[in-house]
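Every chain is numbered from 1, with letters handed out A, B, ... down the list of sequences.
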Amino acid sequence: MLRQMTRLSRSFFTREDVLQISRELLGKYLVTDFGAGRTAGRIVEVEAYRAPDDKASHAYGNRYTERTKAMFARGGHAYIYLCYGIHHLFNVVTGEQGMAHAVLIRALEPVENTALMLRRRHMEKTEPRLTAGPGVLSQAMGISRQYTGTDMLDAQSPIWIETREETVAAEEIIASPRIGVAYAEECAAWEWRFYLRGNRWVSKQRVSKQRVS
DNA sequence: CGAATGATCGGCT
DNA sequence: GCCGATCATTCGA
């Protein structure tokens with residue numbers, strides 16, 4: 001059966017509740033087309049970042065810099081930044097203009113043109129490390145920092161998000177603390193990471209970097 | 001398997 | 001100068 005593919009509307013992204021939007025992004029499709037072919041993946045893991053109160057957010061306290069300014073745009077823009085000098089991390093900006101909420105996309109299930117994704121990752125075989133993790137999924141999708149600030153509701157945008165009429169039941173969604181934010185004091189415990197129960201494309205927890213106290 | 005490390009750049013939270 | 005919303009690789013058990 002053919003499913004309808006529709007870009008999510010502006011009003012999906014400009015809503016106030018970034019936690020609700022984060023949950024609803026599970027089961028939606030991230031799509032890119034830079035002219036050399038479409039690639040698409042089903043979103044299976046996300047994290048919410050809610051400035052100004054969230055100490056784990058780059059825009060904590062409404063910190064406004066060249067890097068973070070994309071987060072202050074209207075919902076539906078992309079915030080992409082360089083992490084550890086190597087990885088490009090992709091976020092969906094949410095809320096009205098001036099509200100620096102964002103959703104980090106942490107893992108995808110590859111669904112369209114895995115051949116091109118494999119080439120971008122210099123891999124041969126389709127396995128979770130192709131797209132399970134925020135850095136690797138950007139590489140697989142061809143997303144880099146140069147596209148930060150892109151309006152994904154613009155018809156010309158090479159990056160956008162689609163719905164394919166899929167419904168994800170609430171019981172299929174697991175909430176847990178976010179990854180790699182131990183420095184964020186009380187915010188580190190907030191269960192703002194959401195992922196699909198039992199999905200093999202969810203990123204693996206890394207142990208070595210965990211801080212104890 | 002787990003733990004340790006290097007890569008490499010922007011922001012100073 | 002230090003550290004981070006990460007990941008691939010290496011080393012040891």
Residues within residues 106-128 of chain A bordering DNA chain C, heavy-atom distance below 4.0 Å: R106(A), R121(A)

Any residue meeting ring pair (Phe, Tyr, Trp, His ring centres under 6.0 Å) with Y60(A), in chain and number order, not counting sequence neighbours: none

Side-chain donor-acceptor distances from residues 134-141 of chain A under 3.5 Å, at least two apart:
unit_1	atom_1	unit_2	atom_2	d
S138(A)	OG	H88(A)	O	2.7
S138(A)	OG	P134(A)	O	3.3
Q139(A)	OE1	R121(A)	NH1	2.8
Q139(A)	NE2	R120(A)	O	3.1

DNA chain C contacts made by residues 42-56 of chain A, counting heavy atoms under 4.0 Å: Y49(A), A56(A)

Pairwise distance CE(M117(A)) to OG1(T32(A)) - rounded to 0.5 angstrom: 7.0 Å

For DNA chain C, stems built from three or more consecutive Watson-Crick or G-U wobble pairs below 3.5 Å: B:1-7 with C:6-12, B:9-12 with C:1-4

Check: V46(A) and L104(A) side chains under 4.5 Å, non-hydrogen atoms: no

Heavy-atom pair with the smallest gap, counting every atom of R178(A) and A56(A): NH2-CB, 3.6 Å

Atom-pair distance (CZ on F90(A); P on dC7(C)), nearest Å: 16 Å

Minimum-distance nucleotide (side-chain atoms of H58(A) versus dA8(C), dT13(B), dT6(C)): dT13(B)

Distance in angstrom units between M71(A) CE and dG11(B) C1', rounded: 12 Å

Touch class at under 4.0 angstrom, heavy-atom based, for G85(A) against every strand present: base

Candidate pair S157(A) and T150(A), rule side chain to side chain donor-acceptor pair (under 3.5 Å), full reasoning: CA-CA 7 Å; S157(A) 173; T150(A) 297; 5.4 Å; no

Set of salt bridge (Lys or Arg N to Asp or Glu O under 4.0 Å) partners for E124(A), sequence neighbours left out: none

side-chain contact (heavy atoms from CB on, under 4.5 Å) involving A51(A) - partner list, sequence neighbours excluded: S57(A), A59(A), A100(A)

Contacts table for residues 188-196 of chain A: side-chain donor-acceptor under 3.5 angstrom, sequence neighbours left out:
unit_1	atom_1	unit_2	atom_2	d
R193(A)	NE	E45(A)	OE2	2.8
R193(A)	NH1	S176(A)	OG	3.2
R193(A)	NH2	E45(A)	OE2	3.1

Whichever of R145(A) and H87(A) has its nearest DNA chain B nucleotide further upstream toward 5': H87(A)

side-chain hydrogen bond (donor to acceptor under 3.5 Å, both in side chains) partners of R74(A), counting only residues at least two apart: none

Pairwise salt bridge (Lys or Arg N to Asp or Glu O under 4.0 Å) hits with a residue in residues 138-157 of chain A, at least two apart: R10(A)-D151(A)

Integer-rounded Å distance: dC12(B) P and L82(A) CG: 15 Å

R129(A) vs E127(A), salt bridge (Lys or Arg N to Asp or Glu O under 4.0 Å): CA-CA, chis, key distance, verdict: CA-CA 6 Å; R129(A) 80 185 169 87; E127(A) 54 189 319; 3.7 Å; yes

Nearest-Å distance for atom pair CD1/P, residues I105(A) and dT6(C): 14 Å

Interface residues of residues 59-69 of chain A with DNA chain B (non-hydrogen, below 4.0 angstrom): R63(A), T65(A), R67(A)

Validation row: Y49(A), H58(A) side chains within 4.5 angstrom (heavy atoms): no

Given dT8(B), dA8(C), dT13(B), the nucleotide with the shortest approach to the side chain of I86(A): dT8(B)

Sugar-phosphate only, base, or nothing, as touched by I179(A) at under 4.0 Å among non-hydrogen atoms: sugar-phosphate

Neighbour count >12 (heavy atoms, 6.0 Å) for atom NZ, K204(A): yes

P spacing across the pair dT5(B) / dA13(C), given as an integer number of angstrom: 15 Å

Mutual orientation of the aromatic rings belonging to F34(A) and Y147(A) [parallel < 30°, tilted 30-60°, perpendicular > 60°]: tilted

Nearest-angstrom distance from the residue atom OH of Y81(A) to P of dC12(B): 14 Å

Measure all distances between protein nitrogen or oxygen atoms and nitrogen or oxygen atoms of nucleotides 11-13 of chain C, and list the pairs falling under 3.5 Å.
none

Between P of dA7(B) and NE2 of H88(A), the distance in whole Å: 18 Å

Heavy-atom closest pair, residues I143(A) and I159(A): CG1-CD1, 4.1 Å

Salt bridge (Lys or Arg N to Asp or Glu O under 4.0 Å) evaluation trace for E16(A) with R50(A): CA-CA 10 Å; E16(A) 171 75 21; R50(A) 198 179 68 185; over 6 Å; no

